[in-house]
> 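Have a look at this one before I ask anything.
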Amino acid sequence: MHAIHATTLVSLMTLLTMATAHAETYRCISQGQTVYQETPCRQDQQAAGTVQPASQPTAQDSAAARTRLKQQQEELRRIDQQRQHETELAAKQQRNIAAKAERQKLACDKASLQLRWAKEDLRQATPAKEAKARQKLKRQQEKTSLACAQR
């Protein structure tokens, strides 16, 4: 007998739940606030209409929603792949720029060192070799200017 009582109670609860799921919802205004409730508006509330429960989607609606979801997921995957590709490309470009700047810095440093050596050679040159040392210094100044110009 106890088992029958529990089954009856569960059935009754299910029916009540189904009944309230399809009941109207009343929209009332109380003290300037919109209130939603299952019972009609009280006298101290202003009726603002009812809200009808949403209908259950059809099988077609569900299938269409699943199709749209798959399309959106595919689009998201494609966008993520494109973003990742662009990020990798930008990182590669940054590495190339950094490598080029490093090569330019090394070339400038090398040219500056050779310029310093050319100046030392001119200071230590004998009068017979002074003209050749000046020409070497002038050429090295030009090379240094070119190597260090974009720095």
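In this chain, numbering begins with 1 at the start of the sequence shown.
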> Using 0.5 Å steps for rounding, measure from the CD1 atom of I29 to the CG atom of D44.
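I29 CD1 to D44 CG: 12.5 Å, rounded to 0.5 Å.
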> Scan residues 64-76 for pairs that pass salt bridge (Lys or Arg N to Asp or Glu O under 4.0 Å), counting only residues two or more places apart or in two chains.
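Only E74-R77, E75-R78 qualify under salt bridge (Lys or Arg N to Asp or Glu O under 4.0 Å).
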> Rounded to the nearest 0.5 Å, how far apart are OG of S145 and CD of Q140?
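Going from the OG atom of S145 to the CD atom of Q140 covers 11.0 Å.
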> Verify, without hydrogens or angle tests, whether Q81 (side chain) and Q84 (backbone) share a donor-acceptor contact under 3.5 angstrom.
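Checking the backbone N and O of Q84 against the side chain of Q81, no donor-acceptor pair under 3.5 Å is found.
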> Between NZ of K143 and SG of C148, what distance do you get to the nearest 0.5 Å?
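Result: 13.0 Å between the selected atoms.
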> Under 3.5 Å, is there a donor on one side chain and an acceptor on the other for D109 and S112?
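No pair is found: no donor N or O on one side chain lies under 3.5 Å from an acceptor on the other.
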> Kindly write out the residues that satisfy side-chain hydrogen bond (donor to acceptor under 3.5 Å, both in side chains) with Q141, not counting sequence neighbours, or none if the list is empty.
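With sequence neighbours excluded, Q141 shows a side-chain hydrogen bond (donor to acceptor under 3.5 Å, both in side chains) to no residue whatsoever.
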> Does R42 offer a backbone N or O that forms a donor-acceptor pair with the side chain of Q45 under 3.5 Å?
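Yes; at least one donor-acceptor contact below 3.5 Å.
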> Grab the two heavy atoms, one from A107 and one from A147, that are nearest each other, plus how far apart they are.
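Answer, listing the atom of A107 first, then A147: O-CB, 4.0 Å.
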> Please list, one pair per line, the donor and acceptor atoms closer than 3.5 Å that link side chains of residues 89-98 to other protein atoms, with sequence neighbours excluded.
none

> Taking only residues two or more places apart in sequence or in another chain, which ones pass side chain to side chain contact (heavy atoms under 4.5 Å, CB included) with T87?
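In terms of side chain to side chain contact (heavy atoms under 4.5 Å, CB included), with neighbours along the sequence ignored, T87 is linked to R83.
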> L106 and side-chain contact (heavy atoms from CB on, under 4.5 Å): which single residue from Q104, R103, E102 fits?
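Result: among Q104, R103, E102, E102 is the only option passing the side-chain contact (heavy atoms from CB on, under 4.5 Å) with L106.
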> Can you tell me which residue pairs pass the disulfide bond (SG atoms under 2.5 Å apart) test with a partner in residues 34-103, sequence neighbours excluded?
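Pairs touching residues 34-103 that pass the test: C28-C41.
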> Among residues at least two apart in sequence or on other chains, which ones pass salt bridge (charged side-chain N to carboxylate O under 4.0 Å, His left out) with E142?
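Applying salt bridge (charged side-chain N to carboxylate O under 4.0 Å, His left out) to E142 gives none.
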> Could you tell me which residues satisfy side-chain hydrogen bond (donor to acceptor under 3.5 Å, both in side chains) with D80, sequence neighbours excluded, listed by chain and number?
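Not a single residue meets the side-chain hydrogen bond (donor to acceptor under 3.5 Å, both in side chains) criterion with D80.
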> In Å, rounded to the nearest 0.5 Å, how long is the span from CG of L115 to SG of C108?
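So the CG of L115 and the SG of C108 are separated by 10.0 Å.
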> Return each pair, listed once, that meets side-chain hydrogen bond (donor to acceptor under 3.5 Å, both in side chains) where at least one residue sits in residues 26-35; pairs must be two or more places apart or across chains.
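Not a single pair qualifies under side-chain hydrogen bond (donor to acceptor under 3.5 Å, both in side chains).
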> Using distance only, find each side-chain donor-acceptor pair of residues 119-126 under 3.5 Å and give its atom names and separation, not counting sequence neighbours.
{"residue": "D121", "atom": "OD2", "partner": "K136", "partner atom": "NZ", "Å": "3.2"}

> Once side-chain hydrogen bond (donor to acceptor under 3.5 Å, both in side chains) is applied, do any residues pair with R139, and if so which ones, sequence neighbours excluded?
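In terms of side-chain hydrogen bond (donor to acceptor under 3.5 Å, both in side chains), with neighbours along the sequence ignored, R139 is linked to no residue.
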> In Å and rounded to the nearest 0.5 Å, what is the CD to NE2 distance from E88 to H85?
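That separation rounds to 8.0 Å.
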> Okay, side chain of T50, backbone of T25: is any donor-acceptor separation there less than 3.5 Å?
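Side chain of T50 to backbone of T25, a donor-acceptor pair under 3.5 Å: no, none is there.
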> Using side chain to side chain contact (heavy atoms under 4.5 Å, CB included) as the criterion, list what pairs up with L113, not counting sequence neighbours.
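If we apply the side chain to side chain contact (heavy atoms under 4.5 Å, CB included) test to L113, skipping adjacent residues, the hits are R116, W117.
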